[in-house]
Amino acid sequence: MGNEVSLFKNISAEYIFDIVEKTDFFLIRSIQEGIKNSVLEEGVYLSDLAEQMNVPVTQISVAVKKLESKGYVLWKLDDSRERTYIMLTDRALKLESDQKRKMMDAYEKIVSNIRKEDLETTMLTISKIRQLFESEKEPSNKTA
């Protein structure tokens, strides 16, 4: 699903992400990936997810709480380690599956109606534009 994701990063989200919000979708996918790599059978520790995503635990915690408020994740207690972990709900799994199917359908529509050379040129041009703006970013030198 790599080509589809990179193509959709360059298309307005409203055309593709009408089943679940874009940020929710990618966080749910990251949680799924974390669960696959977890020592747990059905979930992932928040700290492991943060490490996997290279994001501070506090930031992941806020995002996961938003998913929880939408009914996408549950917090569970790992009695053996006295730690909590998160797991995805059936609702989240269904939404992720439906969204992924919609993305695949949209991808198929795009590649069947636009020549491969045109898509490659477009993706290359967008990549160059992104690099121009990213090269202008400077690390923040703010101190408290």
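Every value quoted in this text rests on a predicted model; they were computed, and no experiment measured them. We number each residue from 1, following the sequence as shown.
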Worksheet item: Looking at CD1 of Ile35 and CG of Asp48, how far apart are the two atoms once the value is rounded to the nearest 0.5 Å?
Response: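 Going from the CD1 atom of Ile35 to the CG atom of Asp48 covers 11.5 Å.
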Practice prompt. Drop me the distance from Leu132's CG to Glu134's CD, to the nearest 0.5 angstrom.
Written response: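 That separation rounds to 10.0 Å.
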Worksheet item: Can a cation-pi geometry be assigned to Arg83 and Tyr45, taking NZ or CZ under 6.0 Å from the six-membered ring centre and within 45° of the ring axis?
Response: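 The answer is yes, since Arg83 meets both limits relative to Tyr45.
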Would a distance-only check, ignoring hydrogens and angles, find a side-chain to backbone donor-acceptor pair under 3.5 Å from [X] to [Y]?
X	Y	value
Gln52	Gly34	yes
Asn113	Lys109	yes
Thr122	Asp118	yes
Asn37	Glu33	yes
Ser61	Val57	no

Which heavy atom of [X] sits nearest to which heavy atom of [Y], and what is that distance?
X	Y	value
Gly71	Thr89	O-OG1, 2.7 Å
Ser30	Leu49	O-CD1, 3.6 Å
Ile28	Ala92	CD1-CB, 4.1 Å
Ile31	Leu88	CG2-CG, 3.7 Å
Gln32	Leu93	NE2-CD2, 3.5 Å

Discussion item. For Val39 and Arg81: C-alpha separation, side-chain torsions, deciding distance, then whether side-chain contact (heavy atoms from CB on, under 4.5 Å) applies.
Written reply: CA-CA 12 Å; Val39 296; Arg81 294 188 179 185; 3.9 Å; yes
Discussion item. For Thr23, give me all partners under side-chain contact (heavy atoms from CB on, under 4.5 Å), at least two apart in sequence or on another chain.
Written reply: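 Counting only residues at least two positions away or on another chain, Thr23 forms a side-chain contact (heavy atoms from CB on, under 4.5 Å) with Glu21.
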Worksheet item: Can you name the side-chain contact (heavy atoms from CB on, under 4.5 Å) partners of Thr84, sequence neighbours left out?
Response: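 For Thr84 the side-chain contact (heavy atoms from CB on, under 4.5 Å) partners, ignoring immediate neighbours, are Trp75, Leu77.
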For residues [X] and [Y], determine if any side-chain heavy atom of one lies less than 4.5 Å from a side-chain heavy atom of the other.
X	Y	answer
Ile60	Met53	yes
Ile86	Leu74	no
Gln131	Ser127	yes
Gln59	Pro56	yes

Worksheet entry | Donor-acceptor pair between Glu42 and Tyr85 side chains, under 3.5 angstrom |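 Per modelled atom types, Glu42 and Tyr85 side chains form a pair under 3.5 Å.
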Discussion item. Any carboxylate oxygen within less than 4.0 angstrom of a Lys/Arg side-chain nitrogen, looking at Arg101 and Asp98?
Written reply: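 Salt bridge between Arg101 and Asp98, a charged N being under 4.0 Å from a carboxylate O: yes.
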Discussion item. By the definition salt bridge (charged side-chain N to carboxylate O under 4.0 Å, His left out), identify the one residue from Arg29, Lys70, Lys66 that meets it with Asp24.
Written reply: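 So, applying the salt bridge (charged side-chain N to carboxylate O under 4.0 Å, His left out) to Asp24 and each of Arg29, Lys70, Lys66, only Lys70 qualifies.
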